[in-house]
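These figures come from a predicted structure and were not determined experimentally. Letters go in sequence order (proteins before strands), and every chain restarts at 1.
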Number of protein chains: 2
Amino acid sequence: MSSTLENTTRDQKFILKEYLDLNKILETERFKDGYSIDDVDSILINGLKVAKEVIDPGCKDSDEIGCKFQEGKVITPQSTKDAYFFINNNGYGGSNYDPDDESALPLSILSATYEYFLGANPSIGTLYLATPGSAGLIKDFGSEELKTAYLEKMYSGQWAGTMDLTEPNAGSDVGDSTTKAIPADEPGTYLIKGTKCFISGGEQDVTENIIHLVLARIEGAAPGTKGLSLFVVPKYLPDANGNPGAWNDINCVGIEHKMGLRGSPTCVISFGDESNCKGFLLGTPPGDDGIGSGMAQMFRMMNEERLMSGLAGLSIASSAYHNAVKYTSERVQGRATLNPKSGRVEIIKHEDIKRMLMFQKANTEAFRAMALQTYWWIDVEKWSSDPELVKQAKVFLEVNTPIVKAFCSDMSLQCISEAMQCYGGYGFTEEFSAAEQYRDARIYPIWEGTNFIQSMDLVGRKMTMKKGEVFAAWMKHITDFVDINKQAVGFEKEFEIFAVAINKYLESLKRLAGLFATPGMAQLYATRVLHATGKVWAAKVLLEMALIAQNKLNELGKDHYDYAFYAGKVASARFYVKNTMPDLTAFLELVINADTTVLEVEEDIFFV
Amino acid sequence: MSSTLENTTRDQKFILKEYLDLNKILETERFKDGYSIDDVDSILINGLKVAKEVIDPGCKDSDEIGCKFQEGKVITPQSTKDAYFFINNNGYGGSNYDPDDESALPLSILSATYEYFLGANPSIGTLYLATPGSAGLIKDFGSEELKTAYLEKMYSGQWAGTMDLTEPNAGSDVGDSTTKAIPADEPGTYLIKGTKCFISGGEQDVTENIIHLVLARIEGAAPGTKGLSLFVVPKYLPDANGNPGAWNDINCVGIEHKMGLRGSPTCVISFGDESNCKGFLLGTPPGDDGIGSGMAQMFRMMNEERLMSGLAGLSIASSAYHNAVKYTSERVQGRATLNPKSGRVEIIKHEDIKRMLMFQKANTEAFRAMALQTYWWIDVEKWSSDPELVKQAKVFLEVNTPIVKAFCSDMSLQCISEAMQCYGGYGFTEEFSAAEQYRDARIYPIWEGTNFIQSMDLVGRKMTMKKGEVFAAWMKHITDFVDINKQAVGFEKEFEIFAVAINKYLESLKRLAGLFATPGMAQLYATRVLHATGKVWAAKVLLEMALIAQNKLNELGKDHYDYAFYAGKVASARFYVKNTMPDLTAFLELVINADTTVLEVEEDIFFV
């Protein structure tokens, strides 16, 4: 989907090598013998090469051929299979999540290469990205037997893993799941019966086996989410040699015909039509209280999937942006405002086009920093031996996760729409990449918990966790940053605007705390709180990066080849702060208006 | 695309019968013997019937089969042809634009039925909507011979008309057109040579002839837009009996493969490959100054096409909204915040869903009022004998047109995206209508002059026209409305918020006038000025309608079947004012920040 993927490399290097303290990860026991900061460039270059040469060429197949459903089988294009195995066989797949794999990359670096991969062809992402999470659950909660049977084949990508939560009548409210698990003769083994839908990669012809991680309710367990347990349900039961053996009574009933991400098979899966589908419980069954550990286990995986959705939004928006830069720098149309007599110019010289590009540039750079920083915190949390840092990591992961998922995916749609607008009429044709990108990226605000669910996670859980201490600690990193830097030479105005915006944001939160005493108000304002929070955080990371960049600019001469890059980083921050921070003023006014119309109206007003 | 089209009827009736003074149109010489206000209901009901029974069933064909291009021919689905002829043969087509047709409907009423038609299947709109504009140009500027040859067949829909402006290298900057017109032997006849692209309906298999209105430059005429002339260029030259005769050397070279509006053939048309394509000049050729009248003539047609783009955005957004209401009132998921123990509820009861629906409701009602009011002004301008009112009409048409086109089409995309979000995962599937609507509606901000072109029309022409008098007169209608109604019982808060927003808006314009002295600043801020202006106007129409509705509520009891409708109108205004007016505060702050980053940066920052 992109001939311009390489144009993200410079910013990724900047974030990994100049913005994040990667040594905090690379010097841990886990990585100290593996990689050094000097390896970052070559890892990125190799990832880019894979994206361009192996993944990108199959993107049109994914979109145009897509997945076919024939007699219970899902057929994917050959290019999908090729890319999948190349990724897994060359160290870019699930092996990185295997704690025993010594060549594994830190997530902060791996995720940067995933920006290439998902920008090149987002459709196939679901095939290689869900497996490590599923494997991780078996690793953490499975019996030795399960680990032996599944882990190696899953981490290597030979077998794929999926998450099976949603049911036709239990989507956002997963607690209403009706899939049942009936104890079988062997301990830990259950018979699974039920239908799951919207299962990405639930059936495919890429891997020889598919391992479903299925949420189901053991007979007699409590209702709601708390009664759910998690089961390993393979398509084929491993035989005595560990190879796919007997079919496990799992049928793919159909796939969705989707607006985008057409290379990703979204399946309806029926378990146990013949009452002969075996599932292997992770952890222990519910006790007398009927409470299972399925949701808590699944959430381990969900958080990483949520982050990945934000990263995927970024990946498409970033590719769309760089493609738009390329197009607008080649397309000639009209005259320059400042010099109308000098003949026709490339449209990138027009102010409104530059504004749209600047919007995309600033936003995608913010998303990238937000996402990679969060992956960096995951690495810290998993591998650092510094207890203070690990404690901080927990704070950041709690708060960052819903914002990366929802803010980056929502705002990516705006970026991609602006990218399309840069092409004029050609943007609406499938001849250029913007059209597919506009279609593909629309899924990210919906799946892995809709963005409203993320917003409620932020407002209802993260902001109130430990009596607000967690969020206060998160927020303090932003206010401390402003206090320390508000006199930074050349950025006084930006920090002044940012400080005012933060105050308005905090004032809004204070007032909202009062409003939220009224039932329904938290739900009514949650989405907007999340967006406001995202904007504050985005401004912070852009200013942080701009300060680093300004120091470099002071060192480098104007003729230095890197001058434009650093000047661009400063421009992103200035543009974002001056053009986006006014939204926080609007947010405060919105909160002051405290409109309750939505709560007051009867639904019947919508029917006439 | 919609089983819920009828749900717009109540609001259309309200706008036509209670909001606009339709008698100002119906009592004109033109319509006084034709229609009375009592006919509105039956006209709407019949239009709805056509939309549901004739147009809607072909929507999936348009999207899924689309247009095929084979050996220079464009093949459309049979359902497209059926709908096209039904519309034209039953009084809903071009005949309404024929000044000699005594059964013609006023545009304000006809446009309301077009909301049904475009909501039912937007793709085929291009086939019946471009013809009357083309015919109007022949009527206004053509010789008697041309009128005799073309008008009857075009107004009846037997022949279709198209607009041919864009060329591969002349899109937004149409002045760079290279299509040539070379004088032929007969006076008024020229040989046309050149290629036009993005021609909606440029080739099709629906009508027996296609009449292209082509912008071309007569040899020796001035460069730029001012040297262009307009030609009638039929696919087949009318023979002695007025039937399609000799082929006129016009080839369709290809059609675009588009993200949406797939039933509308978007063609590349080559004129005069064999140097034998005849065009008939409208009006007079350029004099010694080389100045042609083509652009001025074309603009007559453009303004109505632009309005239609805004109406089309509304039509899709409105259909998407009503479909989302239907879906969310049937889909059961989760528990009510206020009553979690009472069992699962329809998701329309969830606050965030209601918020998204309210957003769509308020916005689409504003778009509808803005669009229909503007059509009402066209009717006034064309047919009223009240010179004062006609003078006002000219003011409103100048300012309203770019706003209806750009504001309604841009904001429609947000509405449709929110509609899709209401469905959760199902919204991303093509099983429901939101997906196609999300794809189709994306064209409206692009075509008929991109929304940036509309924004510059507002900022650079309409706001400065007659030293600002035109815009001042337009604005005065809003400030007068507030002055008169600010004490309206029960709306004091809304008017207070609105008055503050207007002041901030006006303060922003004052400051911008200063900023615009710097070249490039008008271009940089134009889009945002248009959006801010649209929001002020939208709040005004919603409040106007709410005041009328409140009077009705005071009359009707709670049990009256229309109570919910009027209560909904009041709710729309309250919601919009309290939730959207804060954006004007943000707009002022944005203007105060007066960011010039975009003007200052070198383009090279975008390449790294």
Side-chain angles (χ1 to χ4, degrees), chain A residues 10 171-173 198 256-259 325 333-334 337-338 348 351-352 354-355 357-358 361 421 424-425 427-430 435 442-443 445-447 450 452 497 519-520 523-524 527 564-565 567-568 571 574-575 578-579 582-583 585-586 589-590 593 595 597-599 601 603-608, chain B residues 10 171-173 198 256-259 325 333-334 337-338 348 351-352 354-355 357-358 361 421 424-425 427-430 435 442-443 445-447 450 452 497 519-520 523-524 527 564-565 567-568 571 574-575 578-579 582-583 585-586 589-590 593 595 597-599 601 603-608:
Chain A
R10 186 64 193 84
S172 290
D173 196 354
F198 293 117
E256 304 294 341
H257 174 49
K258 300 183 312 244
M259 181 174 80
V325 169
Q333 191 83 181
T337 307
L338 302 186
I348 197 172
E351 293 81 7
D352 194 59
K354 269 173 102 172
R355 178 186 65 79
L357 294 175
M358 200 69 224
K361 175 177 154 63
Q421 193 72 14
F428 194 61
T429 70
E430 298 279 355
R442 188 62 187 81
I443 190 59
I446 297 174
W447 78 5
T450 66
F452 170 68
I497 293 172
Q523 286 78 0
L524 183 56
T527 300
F565 171 74
R574 292 198 201 287
F575 175 84
K578 290 180 175 164
N579 290 278
D583 292 353
T585 304
E589 203 169 301
L590 182 84
N593 289 346
D595 181 42
T597 307
V598 167
L599 301 185
V601 293
E603 286 109 62
D604 58 0
I605 67 160
F606 297 120
F607 293 94
V608 284
Chain B
R10 187 65 194 85
S172 291
D173 195 354
F198 291 118
E256 304 295 340
H257 174 48
K258 301 186 309 258
M259 181 173 79
V325 169
Q333 191 83 183
T337 307
L338 302 188
I348 197 171
E351 294 80 7
D352 194 60
K354 268 174 104 172
R355 178 187 64 79
L357 294 175
M358 199 69 224
K361 175 177 154 64
Q421 194 73 15
F428 194 61
T429 70
E430 299 279 355
R442 188 60 186 84
I443 189 59
I446 297 174
W447 78 4
T450 66
F452 170 68
I497 293 171
Q523 286 78 1
L524 183 56
T527 299
F565 171 74
R574 292 200 202 284
F575 176 84
K578 289 179 176 165
N579 290 277
D583 293 352
T585 305
E589 203 170 301
L590 182 85
N593 289 347
D595 180 42
T597 307
V598 168
L599 302 184
V601 293
E603 285 108 63
D604 58 1
I605 67 160
F606 297 119
F607 294 94
V608 283

May I ask you to name which of A:Val601, A:Asp604, A:Thr527, A:Ile443 has the most heavy-atom pairs under 4.5 Å with chain B?
-> A:Ile443
For residues B:Lys354 and A:Leu524, determine if any side-chain heavy atom of one lies less than 4.5 Å from a side-chain heavy atom of the other.
-> no
What heavy-atom pair brings B:Ile605 and A:Ala571 nearest, and what distance separates the two atoms?
-> CD1-CB, 4.1 Å
Residue list, side-chain hydrogen bond (donor to acceptor under 3.5 Å, both in side chains) with A:Thr597, at least two apart or on another chain | A:Asp595
Taking the side chain as C-beta and beyond, is there a heavy-atom pair between A:Glu430 and B:Met259 under 4.5 Å?
-> yes
Residues in side-chain hydrogen bond (donor to acceptor under 3.5 Å, both in side chains) contact with A:Gln333, at least two apart in sequence or another chain = none
Turns out that what part of A:Ile497 lies under 4.5 Å from chain B's heavy atoms comes down to side chain
Which bit of A:Thr429 comes within less than 4.5 Å of chain B, counting heavy atoms only: side chain, backbone, both or neither?
-> both
For chain B, the option from A:Arg442, A:Arg574, A:Glu589 that forms the most heavy-atom pairs under 4.5 Å = A:Arg442
Of all the heavy-atom pairs spanning A:Val325 and B:Phe606, show the shortest one and how long it is.
-> CG1-O, 3.6 Å
Say you draw a straight line from CZ of A:Phe428 to NE2 of B:His257; how long is it, rounded to the nearest 0.5 Å?
-> 11.5 Å
Do A:Asn579 and B:Asn593 come close enough that some side-chain heavy atom pair is under 4.5 Å?
-> no
Could you pull out the closest heavy-atom pair between A:Gly520 and B:Leu338, with the gap in Å?
-> N-CD2, 4.3 Å
Can you name the nearest heavy-atom pair linking B:Gly334 to A:Asp173, along with the distance?
-> CA-OD2, 2.8 Å
Taking the side chain as every heavy atom from C-beta outward, state whether B:Gln523 and A:Thr337 have any pair of such atoms under 4.5 Å apart.
-> yes
Heavy-atom proximity to chain B below 4.5 Å, by part of A:Phe198 | side chain
Of the listed residues (A:Thr585, A:Asp352, A:Leu590, A:Leu599), which shares the most heavy-atom pairs with chain B below a 4.5 Å separation?
-> A:Asp352
Do you know which of A:Gln421, A:Met358, A:Glu256 has the most heavy-atom pairs with chain B at a distance under 4.5 angstrom?
-> A:Gln421
